[in-house]
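Working notes for the structure below.
Just so it is clear, the structure is predicted and the values come from calculations on it, not from any experiment. Atom set for the values below is all heavy atoms of this structure, side chains included, hydrogens, waters and symmetry mates excluded. If you read the sequence from its start, that first residue is 1, and numbering goes on from there.
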Amino acid sequence: GTWVYVFSGSQFSKIKYSWLLFLGSHDSFSYWVDERSPVGPDQATAIKRLARISLVKKIMKKWSVTQNLTFKEQLEGGIRYFDLRVSSKPGEIGQDIYFIHGLFGIKVWDGLKEINTFLEQHPKEVIFLDFNHFYAMDDSHHYFLISRIRSAFGSKLCSVECVEYVTLQYMWKKKHQVLIFYHYPLYQEYSFLWPGNKMPAPWANTTNVHKLLQFLETTLEERSRYGTFHVSQAILTPRVKTIAWHLIRGLKNTLVHRNLPMILNWVKTQKPGVMGVNIITSDFVELVDFAATVIALNDLLLEEDESAA
């Protein structure tokens, strides 16, 4: 699960992070959602009304959960990029923030502590946390969340820097382990919050695997040559029609199982590097051996270096 044995003591440590290939999970914290809580503010009013029926919430759970593994299990399986959507719980006293995907998940603070425990045990591992969707949050909620992030990670947080400078060697030298991307204007007030535009993640929004792969190809071709990281979202998004037709089966059994082999085959044909894939996210990352594939693709960078030398 840890990547250090692959990267440590090799030329990997000098390669730019925007050139290396990392594995990420989509809606990373959706492995547990609370059927008893109200439907989240990320859902349309019609869904909120329907969700008063308990069966509807059970069905929502089948389509809200996009990962089976906890943080610790994802980290041990090689996941290094986390896609995070968060919300306050309307009507709740206090400013606690929760992970959300249709239904409320665990408190963000609990997730951050779990990640920090892993980082304490693996001081050379580095992760990306991408806070990209916020619901029912005003500035006071953001200040509360940002203070929690700082409390959880402290000096492990990497200050905003030119993307080109970030290598493992750079991170190890400064004893940094966490890059936080924050898609809200308050990032400007904190040196450790990277702007969201440094982590673009174009979304195909399709149930068709062929359209998805074409979209991934096109967005890679458009990738900025310098200045950002890049997420290739290898995910299929269910339409209301898809959910209605497969009410009980859920996301994993309807879209994911059938199409993951084709998505993995696409991944195997990719190359990391200046115009190549950088971060690949997927649903149910444990269903195929993404991690081994990604490690093998990073080896291509070293082969290129050696042949150039």
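Atom CG of L179 and atom SG of C158 lie 4.5 Å apart (nearest 0.5 Å). We find the NZ-CG distance between K14 and L168 to be 12.5 Å, quoted to the nearest 0.5 Å. The distance from atom NZ of K198 to atom CG of L193, rounded to the nearest 0.5 Å, is 15.0 Å.
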- prompt: For I106 and Y98, what are the C-alpha separation, side-chain angles and deciding distance, and is it a side-chain contact (heavy atoms from CB on, under 4.5 Å)?
  reply: CA-CA 6 Å; I106 66 171; Y98 296 80; over 6 Å; no
field: side-chain contact (heavy atoms from CB on, under 4.5 Å) between R85 and N132, worked out
entry: CA-CA 6 Å; R85 295 130 201 260; N132 52 49; 3.8 Å; yes
Stepwise side-chain contact (heavy atoms from CB on, under 4.5 Å) test for F153 and I115: CA-CA 9 Å; F153 300 118; I115 290 172; 4.0 Å; yes
field: Chi angles and distances behind the side-chain contact (heavy atoms from CB on, under 4.5 Å) call for F144, I97
entry: CA-CA 9 Å; F144 178 80; I97 306 297; 4.3 Å; yes
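Between F82 and F131, the distance separating the two ring centers is not shorter than 6.0 angstrom. Taking the six-membered ring for Trp and the full ring otherwise, F181 and Y187 have centroids separated by 6.0 Å or more.
Residue pairs meeting the side chain to side chain donor-acceptor pair (under 3.5 Å) criterion with at least one member in residues 145-160, sequence neighbours excluded, are N116-K156, E120-K156.
N208 pairs by the side chain to side chain contact (heavy atoms under 4.5 Å, CB included) definition with T206, H210, K211, not counting sequence neighbours. Contacts of K72 classified as side chain to side chain contact (heavy atoms under 4.5 Å, CB included), with partners at least two apart in sequence or in another chain: T70, E76, E114. W266 is linked by a side chain to side chain donor-acceptor pair (under 3.5 Å) to E217, counting only residues two or more places apart in sequence or in another chain. In this structure, the side chain to side chain contact (heavy atoms under 4.5 Å, CB included) partners of T167, at least two apart in sequence or on a different chain, are Q169, Y170. Among residues two or more places apart in sequence or in another chain, the side chain to side chain contact (heavy atoms under 4.5 Å, CB included) test is passed with P123 by none. For F192, the ring pair (Phe, Tyr, Trp, His ring centres under 6.0 Å) partners are Y190, not counting sequence neighbours. Q214 meets the side chain to side chain donor-acceptor pair (under 3.5 Å) test with T218; sequence neighbours excluded. Residues that satisfy the salt bridge (charged side-chain N to carboxylate O under 4.0 Å, His left out) test with K174, not counting sequence neighbours, are absent from this structure. Among residues two or more places apart in sequence or in another chain, the salt bridge (charged side-chain N to carboxylate O under 4.0 Å, His left out) test is passed with K113 by D110. Contacts of H141 classified as side chain to side chain donor-acceptor pair (under 3.5 Å), with partners at least two apart in sequence or in another chain: D138. A search for side chain to side chain donor-acceptor pair (under 3.5 Å) contacts involving Q95 returns S140, not counting sequence neighbours.
Distance alone, capped at 3.5 Å, is enough to place a donor-acceptor pair between the S88 side chain and the A136 backbone. Side-chain atoms of Q233 come within 3.5 Å of backbone N or O of A201 as a donor-acceptor pair. Judged by distance alone, with hydrogens and angles left aside, the side-chain atoms of N278 form no donor-acceptor pair with the main-chain N or O of V231 at under 3.5 Å. A distance-only check finds a donor-acceptor pair linking the side chain of H176 to the backbone of L157 [under 3.5 Å].
There is no side-chain donor-acceptor pair under 3.5 Å between D83 and H133. For the residue pair E189 and Y143, a side-chain donor N or O sits within less than 3.5 Å of a side-chain acceptor on the partner.
Cluster annotation: I146 and W109 are assigned to distinct hydrophobic clusters (Ile/Leu/Val/Met/Phe/Trp/Tyr, side-chain heavy-atom contacts under 4.5 Å, transitive). Under the 4.5 Å side-chain heavy-atom criterion for grouping Ile, Leu, Val, Met, Phe, Trp and Tyr, L23 is connected to L300 within one hydrophobic cluster.
Among V267, N265, L21, the single residue meeting the side chain to side chain contact (heavy atoms under 4.5 Å, CB included) criterion with T293 is V267.
Aromatic ring pairs are classed by plane angle as parallel below 30°, tilted from 30° to 60° and perpendicular above 60°; the pair Y17 and F128 is tilted.
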